[in-house]
Amino acid sequence: FSSDSYVIPIYQRNYAWGESEITQLIQDIVDYIGKDRNSNYYIGTLIVWERKIDGNISFETIDGQQRLTTLSILLSLIKNEYSNIDLSWYKELKLQFDSRKNSTNTLHSLFHGTIPDNKYCNNAIKQGYEDAKKALKRILKDFNISIEDFCNYLFEKVNILRVLVPEDTDLNHYFEIMNSRGEQLEKHEILKAKCLEILDENDRYAFNLIWEACSNMEKYVQYGFGKTQRDAIFGSNNSQDLKWNNLIGQDDVYEKLKPQADNEQINHQESIPTIADLLKQDSKQYSEKSATNDESPDRFNTIINFSNFLLHILRIQTKQDVALDDKRLIDSFNDYLLNEQDKIKKIENVKLFGYNLLKGKFLFDKYVIKREFTKGTDHWRN
């Protein structure tokens with residue numbers, strides 16, 4: 001922001017962040033100040049291409065423009081509204097838009113502390129400034145953090161990793177591929193990979209089945225397994241009311257979920273997936289045959305998302321005051337579960353967590369009231 005120049009190319013969409021995204025960015029920074037103001041906070045990546053015109057270098061922004069624009073807005077806001085903050089290094093706005101004069105004019109007006117003329121204004125950027133102004137003031141007050149502390153952390157500890165693509169890259173093609181294939185992994189998917197790395201092949205296979213079965217908070221966990229697995233893990237009973245109503249112990253669960261080479265399951269050689277396989281593929285590829293149509297699961301609205309559910313199980317297992325903040329999901333597991341130096345103990349901890357996750361979801365489904373939508377009906381049930 002103090003030296004290099006950035007350009008938002010024409011193939012990028014317009015600035016689209018609203019109040020919720022801007023507030024979340026500011027809140028995330030404040031959260032990390034409260035956690036450890038001496039540690040760096042990596043706010044993401046900025047994918048750029050080095051553009052050279054008449055000896056001048058600027059960076060064409062391929063990915064990260066929403067965050068880059070918002071941070072530019074935030075810096076202009078601080079410069080204009082908080083005169084006690086030293087922004088002498090921020091002498092010039094280093095961001096402009098290709099072929100979007102209104103966007104560039106609006107950013108420059110805000111940088112200089114003036115309200116842009118409506119005729120030449122990008123309303124989204126103008127509104128972003130107002131949203132950032134309100135959000136920053138409110139969050140600093142709510143968390144009792146001074147603007148000086150916020151700015152010191154923002155200027156010194158908040159980092160963006162800038163990644164340059166090769167010079168001969170077809171930018172339009174790269175942009176198209178990047179925005180049409182796949183999605184970034186969720187934090188809980190990254191966490192699953194970290195857990196899987198610790199286990200051996202058989203336990204990795206079982207742990208993955210458990211994780212996938214529990215991850216859908218809107219269906220009963222029993223339906224995350226094939227019928228034979230369900231009967232083995234939860235018990236079979238001729239009475240529909242008592243069917244799959246018990247849960248066997250930890251050692252038995254891992255034994256029952258080992259890859260089997262029989263007619264109902266894929267053979268052992270094919271059944272051991274790599275961690276990459278487990279992250280890319282639905283667990284049904286590695287589980288037994290799917291339930292038949294007449295066994296379609298009941299579905300309901302859940303009161304908690306999967307990431308927060310994982311934190312509750314971690315808190316129960318470790319008996320520690322784990323913060324129930326899903327933004328800190330990976331950090332919490334590193335601190336309370338995965339930092340064990342003894343390799344055997346670490347394996348035991350992860351296996352126990354897998355079982356506790358299964359048990360927790362089983363009890364959650366059984367006892368926590370929920371709103372259910374089944375075959376056109378709308379009712380409450382446990």
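When a residue number appears, it is its place in the shown sequence, counting from 1.
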| query | Does a salt bridge link Lys346 with Glu348, judged by any charged N lying under 4.0 Å from a carboxylate O? | reply | no
| query | Do Arg51 and Glu60 meet the salt-bridge criterion of a basic N to acidic O distance under 4.0 Å? | reply | yes
| Asn122 and Thr106 side chains, donor-acceptor separation under 3.5 Å | no
| said: Using modelled atom types and a 3.5 Å cut-off, is there a donor and acceptor pairing between side-chain atoms of Tyr254 and backbone atoms of Lys351? | reply: yes
| message | Once rounded to the nearest 0.5 Å, what's the spacing between atom CG of Asn14 and atom CD1 of Ile125? | response | 8.0 Å
| query | Are the side chains of Asp335 and Val322 in touch, meaning some heavy atoms are under 4.5 Å apart? | reply | no
| field | Salt bridge present between Asp365 and Lys361 (N-O < 4.0 angstrom) | value | yes
| query | Could Lys79 and Phe111 be counted as a cation-pi pair, given that NZ or CZ must be under 6.0 Å from the ring centre and within 45° of the axis? | reply | yes
| task | Could you tell me whether Trp89 and Phe1 have their ring centroids closer than 6.0 angstrom? | result | no
| said: Looking at Lys94, I want to see if its NZ is surrounded by more than 12 non-hydrogen atoms of other residues, nucleotides or ligands under 6.0 Å. | reply: yes
| said: Whether Arg162 and Asp4 form a salt bridge (side-chain N of Lys/Arg under 4.0 Å from carboxylate O of Asp/Glu) is what I want to check. | reply: yes
| Does a salt bridge link Lys227 with Asp231, judged by any charged N lying under 4.0 Å from a carboxylate O? | yes
| request: Indicate yes or no: does Lys137 engage Glu81 in a salt bridge with an N to O separation below 4.0 Å. | output: no
| task | For the pair Tyr41 and Tyr32, name the ring-plane relationship: parallel under 30°, tilted 30 to 60°, perpendicular over 60°. | result | parallel
